[in-house]
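All remarks here apply to the structure that follows.
Quick note: numbers below take in every heavy atom, side chains included, and nothing from hydrogens, waters or symmetry partners. Just so it is clear: chains get the letters A, B, ... in the order the sequence lines come, proteins before strands, and each one is counted from 1.
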Amino acid sequence: MPELPEVETVRRSLARSLTGRRIVAVDVRERRLRTPLRPAELRRRLIGRRIRALGRRAKYLLVHLSDDQIMVLHLGMSGRLAYVARHKPLEPHTHVRVGFDSTKELRFRDHRRFGMLFVVQESHLERHPRFARLGAEPLDASFSPQYLSARARGVRKPVKNFLMDAGVVVGVGNIYASEALHRAGVHPARAAGRLSAARWERLHAAVRETLHGALSAGGTTLNDFRDADGSEGEFQVELRVYGREGEPCLRCSGTVRRVVQAGRSTFYCGRCQR
DNA sequence: CGGGCGGCCTGGAGGC
DNA sequence: TGCCTCCAGGCCGCCC
């Protein structure tokens with residue numbers, strides 16, 4: 001569920017609390033995450049280092065540390081980060097605690113354990129296997145309709161799946177792909193390689209507007225998304241098609257439908273999305 | 001080789 | 001009421 005706006009929301013809330021802090025303790029309570037945690041290595045590479053800044057690449061949160069190190073966090077589907085008082089009782093599924101030179105600590109919870117936490121050398125980040133093949137950042141200036149159109153040339157897979165391909169554009173997950181396609185009036189099953197330049201213009205704008213809107217709302221909280229201070233997002237009330245199967249389209253008199261594409265639910269209006 | 005799909009996980013919802 | 005199945009979806013490996 002955490003897509004770009006949710007990860008960015010967490011980044012912003014964490015940056016306020018963590019920037020400038022020094023790591024003094026790392027407690028791994030469960031090492032079986034998506035990538036198995038290595039407690040000794042984590043301690044060796046994290047303890048004593050200071051947090052310089054918080055960044056983000058795709059859905060990865062980047063905690064930039066002193067000495068050229070980055071602590072990389074991925075929330076998977078159910079991951080949560082919270083900066084809370086050290087003495088607060090542990091919530092269920094708290095897998096990692098990172099202590100700081102303050103009275104608070106960072107807690108990483110993830111009941112489904114799809115999340116990740118590892119450390120990379122900053123100068124090696126772009127060569128890291130999980131980063132080397134990532135596509136454009138949708139909110140960057142380099143992301144353009146021409147880029148999308150060029151990457152889609154000859155691609156026969158549905159445009160919905162194309163938008164969710166992190167090798168093309170990052171951060172667009174299942175919810176915002178449906179929302180952006182609806183906003184652009186593009187049918188999700190249309191082959192990516194068969195969209196006109198005008199449609200790429202609309203879709204490009206729709207992706208950015210959707211992500212910016214969600215960001216302004218602090219993300220979408222459908223089940224359990226929270227930022228690092230525990231606040232919920234508000235964008236769920238602005239969703240136009242996602243989760244609205246059978247309900248009326250908010251733009252025309254059509255009905256929102258649900259189909260499964262590549263194993264994922266897609267919501268769209270069969271009337272105004274062509 | 002592009003693209004679809006299953007596996008990884010667990011909690012919650014819905015069916016019987 | 002309780003048990004079972006299904007679904008949620010980011011990412012990757014596998015397979016056609």
Q | Steps toward side chain to side chain donor-acceptor pair (under 3.5 Å) verdict (A/S123, A/D68) | A | CA-CA 7 Å; A/S123 47; A/D68 194 37; 3.2 Å; yes

Q. Would A/T9 and A/D227 satisfy side chain to side chain donor-acceptor pair (under 3.5 Å), going step by step from the backbone distance to the final call?
A. CA-CA 6 Å; A/T9 297; A/D227 73 9; over 6 Å; no

**Q.** Nucleotide pairing, DNA chain B (Watson-Crick or G-U, distances under 3.5 Å), in dot-bracket with [ ] and |
**A.** .|||||||.|||||||

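Distance CZ (A/R31) to P (B/dC8): 21 Å, rounded to an integer number of Å. Here B/dG11 presents its P atom at 15 Å from CD of A/E91, a figure rounded to the nearest Å. Note: CD (A/Q261) to P (C/dC7) measures 16 Å, nearest angstrom. Between the C1' atom of C/dA8 and the CG atom of A/N174 lies a distance of 9 Å, rounded to the nearest Å. Spacing between atom NE2 of A/H111 and atom P of B/dG12 amounts to 7 Å, rounded to whole angstrom units. For the pair A/R109 CZ and B/dG11 C1', the computed distance is 13 Å after rounding to whole Å. Atom CZ in A/R57 sits roughly 16 Å away from atom C1' in C/dG10 (whole-Å rounding). Taking atom CG on A/L33 and atom P on B/dT10, their separation rounds to 11 Å, with Å as the unit.
A/R199 contributes atom CZ, which lies 12.5 Å from atom CZ of A/R194 (distance to the nearest 0.5 angstrom).
Checking A/E6 against A/Y176 by side-chain atom types alone, a donor-acceptor pair falls below 3.5 Å. A side-chain donor-acceptor contact under 3.5 Å links A/R258 and A/S265.
For B/dC9, neither phosphate oxygen OP1 nor OP2 lies less than 4.0 angstrom from any side-chain nitrogen or oxygen of A/H93. Dashed line: the shortest gap from a side-chain N or O of A/R258 to OP1 or OP2 of C/dA8 is under 4.0 Å. Side-chain nitrogen and oxygen atoms of A/S78 include none within less than 4.0 Å of the OP1 or OP2 phosphate oxygen of B/dT10.
In this structure, the side chains of A/L81 and A/Y83 stay at 4.5 Å or more apart for every pair of heavy atoms. Between A/M116 and A/L33, the closest side-chain pair of non-hydrogen atoms is not below 4.5 Å. With contacts defined as side-chain heavy-atom distances shorter than 4.5 Å, the pair A/H182/A/C269 qualifies. At a threshold of 4.5 Å between non-hydrogen side-chain atoms, the residues A/L195 and A/V186 count as touching.
Aromatic pair A/F143/A/W200: centroids not less than 6.0 angstrom apart. Within the 6.0 Å centre-distance limit, the rings of A/Y60 and A/H74 are counted as a close aromatic pair.
Around atom CZ of A/R31, no more than 12 heavy atoms belonging to other residues, nucleotides or ligands sit under 6.0 Å away.
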Q | Where protein sits on nucleotides 11-16 of chain C, one letter per nucleotide: B base, S sugar-phosphate only, - none, heavy atoms under 4.0 Å | A | BS----

Pairwise N/O distances under 3.5 Å, protein to nucleotides 1-3 of chain B:
| unit_1 | atom_1 | unit_2 | atom_2 | d |
| --- | --- | --- | --- | --- |
| B/dG3 | OP1 | A/R156 | N | 2.6 |
| B/dG3 | OP1 | A/K157 | N | 2.9 |

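Spacing between C/dC12 and B/dG11 at atom P, rounded to whole Å, works out to 24 Å. Across the P atoms, C/dC11 and B/dC1 are found 24 Å apart, a figure rounded to whole Å. Separation of the P atoms belonging to C/dT5 and B/dG7 is 15 Å when rounded to the nearest angstrom.
One can find a donor-acceptor pair under 3.5 Å joining the base of B/dC9 and the side-chain atoms of A/R112.
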